[in-house]
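Structure record follows, encoded as structure tokens.
Note that the structure is predicted; figures quoted are calculated from it, not measured. Both backbone and side-chain heavy atoms feed into the values below; hydrogens, waters and symmetry mates do not.
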Amino acid sequence: MGDIQNIPFIQHFLPANYPQSVCPSYTTYASYCFASSIAGSAAMVLSTQALLVAVGVGNSSAAPMAAALNWVMKDGVGQLGGVMFASLLGRGGVDVGYWQSQLTKLTGKKQSKGNYQTGTADTNPKRWRMVAAIALDCSTLLEICTPMMQPSWFLPMASLANIGKNVGFLAASASRAAIHQSLCMGGSVPQAESSVGDQENNTEDRAIPAKSMSFSNNLGDVTAKSGSQAIVASLLGTALGIFLSQTFCSDHGTYGIMAGFVVLSAAHQVCTYKALRAVPLKSLDRHRLHICLSDYITTNREVIFRDKKVYDEGHNVLTPMQVSNRDSFLPLMAPDDSVNWLTIGVPLSEICPSGVDELQSLLIPNTDERLRISNLYGCEKYIMKINQDDNTVLLTFLEDAAENDIMKGMFHAYVCHEILSNGNDGTHGSLEQMRSRIIEDAHKITNEQLPVFKKDLQKCGWELGSGYISVECGSSHRLGIEVT
């Protein structure tokens, strides 16, 4: 597939200087996206045919004015639904954890252990692109079903379908920028290594700066070529849809249209999933950080827990492409098993039910004297607790926690979980003392290993600057402490 640019006229649909100007997986992504757009456009032709039948086109008894009014109204309702969705997107209102927490408050039931991050279109664009694909296909299916219902059902069904389509279009548009940014200028080209050590000594700005942003300087070109590819795919899909509607589907009526839709929808979903699998996102959300941390701790267990000095720096952190091959981004599904043992953003009433005294015991002293001087309360910008009921880890960040603090809290939590899972603590005494000692030991390991881990992340191409690390979900809380 590397010689695709030699096909006549194909260079007009590829970014300038292809393939050097894009990441190695760009061809795979673009090919599957092209096939996905063809299938989606063809399915929409079939759904439009079904809608026209349902609204009365071709029926001599149908009132033209009423049909036109219904058509305009369903478009208007769909656009309003899209506006409402856009107002929630990015504020946590469409986060599964947010609605679960609200339902818990209403019912009074105890919230299940653990939570997971749905993310926004910026932090988790793959999941939202799958949401878009599913929303579009579900809406198309609803439109195809309209001729089977009574005429009075046309407006509510068509309006609901149009809302779903607008949600799909908005979710796809919102996630497009982050996806394209990961595809341009080599995708996973490593950044300079020097900023990690410098950042450890910087107590004023704790976010790791991006040394170079050259990876995104052809974002406009990649986006423009993606648009031209989508236009051609849409034309081909429209032609395919017309062919199907005039041949196989026309011979079997609505059921023929339904059969054609099932095949096209399956192709649409599979191709979308395959395309997203080829996108190497370089930012770290909770799931991608989970993959990196789990693999790092498992691979380097001897170094981390047994104080061995043998360390191979070249094979310790997964690259963005390797993580992409393990990534899970299907909607409404927990992406990994951390949901069973880690809760991030636990409210104060749950993590410190005994009040201020318990809160003071959960503050973790920062052993770095330079950071203690700049920190008014001399502690880490997160609190952690091991739940006495099921040994799950509860982690809440303070309101001024930056990217470095988030990374440190997550590394600390994963080391605690590893100790609890493998019995590496060697601690005796009461259960409460054991849990406190585990947190202390894990904190010491974190201080020793985190700089190496971050250095390897940057060498492998991960972005650790401001805005590139996000692990909290819509139901997460942060803790504010006032020093008097």
How long is the span from the [atom1] atom in [X] to the [atom2] atom in [Y], to the nearest 0.5 Å?
X: S265; Y: L46; atom1: OG; atom2: CG; answer: 11.5 Å
X: L332; Y: I134; atom1: CG; atom2: CD1; answer: 7.5 Å
X: T298; Y: Y414; atom1: OG1; atom2: OH; answer: 11.0 Å
X: Q229; Y: S37; atom1: CD; atom2: OG; answer: 9.0 Å
X: Q458; Y: L464; atom1: CD; atom2: CG; answer: 5.0 Å
X: F397; Y: D405; atom1: CZ; atom2: CG; answer: 8.0 Å

Discussion item. Taking S328's backbone N and O only, do any of them form a donor-acceptor pair with H287's side chain (distance below 3.5 Å, no angle check)?
Written reply: yes
Closest heavy-atom contact between [X] and [Y]?
X: L284; Y: C292; answer: CD2-SG, 4.3 Å
X: L183; Y: S25; answer: CD2-OG, 4.5 Å
X: S36; Y: T272; answer: OG-OG1, 2.8 Å
X: S21; Y: A16; answer: OG-O, 2.6 Å
X: N340; Y: T392; answer: O-CG2, 3.6 Å

Can you tell if the side chain of [X] reaches within under 4.5 Å of the side chain of [Y], non-hydrogen atoms only?
X: S476; Y: C473; answer: yes
X: D456; Y: K459; answer: yes
X: R127; Y: P335; answer: yes
X: Y468; Y: E403; answer: no
X: L141; Y: D137; answer: no
X: N17; Y: N218; answer: no
X: I344; Y: Q117; answer: no
X: C33; Y: S226; answer: no

Worksheet entry | Residues in side chain to side chain donor-acceptor pair (under 3.5 Å) contact with S283, at least two apart in sequence or another chain | R288
Worksheet item: Would a line drawn from the ring center of Y32 to the ring center of Y273 be shorter than 6.0 Å?
Response: no
Discussion item. Whether the T123 and D285 side chains hold a donor-acceptor pair (N or O, under 3.5 Å, no angle test) is what I'd like checked.
Written reply: no
Item to complete: Could you check whether the rings of H443 and H412 sit parallel, tilted or perpendicular, using 30° and 60° as the cut-offs?
Response: tilted
Worksheet item: Using the ring of each side chain (for Trp, its six-membered ring), is Y29 parallel, tilted or perpendicular to Y26, with breaks at 30° and 60°?
Response: tilted
Practice prompt. Output every pair passing salt bridge (charged side-chain N to carboxylate O under 4.0 Å, His left out) with a member in residues 318-344, not counting sequence neighbours, ordered by first then second residue.
Written response: K126-D327, D295-R326
Validation: residues 231-241 side-chain donor-acceptor distances under 3.5 Å, sequence neighbours left out:
unit_1: T238; atom_1: OG1; unit_2: S234; atom_2: O; d: 2.8

Worksheet item: Only one of K165, Q49, M44, M157 forms a side chain to side chain contact (heavy atoms under 4.5 Å, CB included) with E143, so which one is it?
Response: K165
